[in-house]
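Report on the structure given below.
Quick caveat: nothing in here was measured; it's all calculated off a predicted structure. Residues: numbered from 1 along the sequence shown.
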Amino acid sequence: MSIDYAEAARLIRKGRKSEQRGKALQGCITGLITFALLSLLKGWLFMLFLDVAHAHWWPAIPTIGYWWSVLLMVLLPSLGSSSSTKRED
């Protein structure tokens, strides 16, 4: 039985590429699921924030429903994010 080194090298390269594609696809799906779940949570919190602001501080602020607030979080993701910008000099 002879070993075809060229064929073995080709199969190894093909296997590595397949693993890389699998990791990339897994990362993409994980990112999409994370974004969807965080958008749902941020939308709920934003809806509650507007309701509290309307009821207790400023009645002129309109309240919105859950799905509208989720839509805002999807379209404007920076609206629901908090970023700390510490500068190190």
Side-chain angles (χ1 to χ4, degrees):
M1 179 172 178
S2 67
I3 299 174
D4 187 8
Y5 291 107
E7 180 67 17
R10 185 186 73 80
L11 289 174
I12 290 170
R13 281 193 302 273
K14 192 173 182 179
R16 285 185 183 152
K17 287 181 183 179
S18 176
E19 286 177 357
Q20 290 172 349
R21 280 192 305 267
K23 286 181 182 178
L25 182 62
Q26 182 182 6
C28 182
I29 291 172
T30 302
L32 287 173
I33 290 172
T34 303
F35 177 74
L37 291 176
L38 283 176
S39 294
L40 293 173
L41 177 65
K42 287 181 193 178
W44 180 65
L45 292 172
F46 184 63
M47 179 190 69
L48 291 178
F49 166 76
L50 286 178
D51 186 44
V52 168
H54 172 81
H56 295 285
W57 294 311
W58 194 17
I61 296 175
T63 59
I64 60 174
Y66 175 69
W67 292 112
W68 286 109
S69 62
V70 170
L71 180 65
L72 281 173
M73 289 300 122
V74 169
L75 296 177
L76 303 169
S78 62
L79 185 65
S81 67
S82 64
S83 62
S84 174
T85 55
K86 266 187 154 175
R87 295 180 70 184
E88 294 182 20
D89 293 327

If you define the side chain from C-beta out and look only at heavy atoms, does anything of Trp57 sit under 4.5 Å from Val52? yes

The reported gap from CG in Leu25 to OG1 in Thr30 (rounded to nearest 0.5 angstrom) is 9.0 Å

Is any side-chain heavy atom of Trp67 closer than 4.5 Å to one of Leu40? yes

Does Phe35 have more than 12 heavy atoms from other residues, nucleotides or ligands lying within 6.0 Å of its CZ? yes

To the nearest 0.5 Å, what is the distance between CE on Met73 and CG on Leu38? 11.5 Å

Sequence-distant partners of Glu19, salt bridge (charged side-chain N to carboxylate O under 4.0 Å, His left out), two or more places apart: none

Assigning hydrophobic clusters by single linkage (Ile, Leu, Val, Met, Phe, Trp, Tyr; side-chain heavy-atom cutoff under 4.5 Å), is Val70 placed with Leu76? no

Going by side-chain contact (heavy atoms from CB on, under 4.5 Å), name the residues that satisfy it together with Ile61, two or more places apart in sequence or in a different chain. Leu50, Ala53, Trp58

My understanding is that only residues two or more places apart in sequence, or in another chain, count here; which of them pass side-chain contact (heavy atoms from CB on, under 4.5 Å) with Leu71? Trp68, Leu75

Pair listing, side-chain hydrogen bond (donor to acceptor under 3.5 Å, both in side chains) test, anchored in residues 5-14, at least two apart: Glu7-Arg10

Under 4.5 Å between any side-chain heavy atoms of Leu72 and Ile64, yes or no? yes

If the condition is side-chain contact (heavy atoms from CB on, under 4.5 Å), which residues does Ser18 pass it with, not counting sequence neighbours? Arg21

Check side-chain contact (heavy atoms from CB on, under 4.5 Å) between Ile12 and all other residues, then give those that pass, not counting sequence neighbours. Arg16

Search all heavy atoms of Phe46 against all heavy atoms of Ser69 and return the closest pair with its distance. CD2-CB, 3.9 Å

Donor-acceptor pair, distance only, cut-off 3.5 Å: does the side chain of His54 make one with the backbone of Pro59? yes

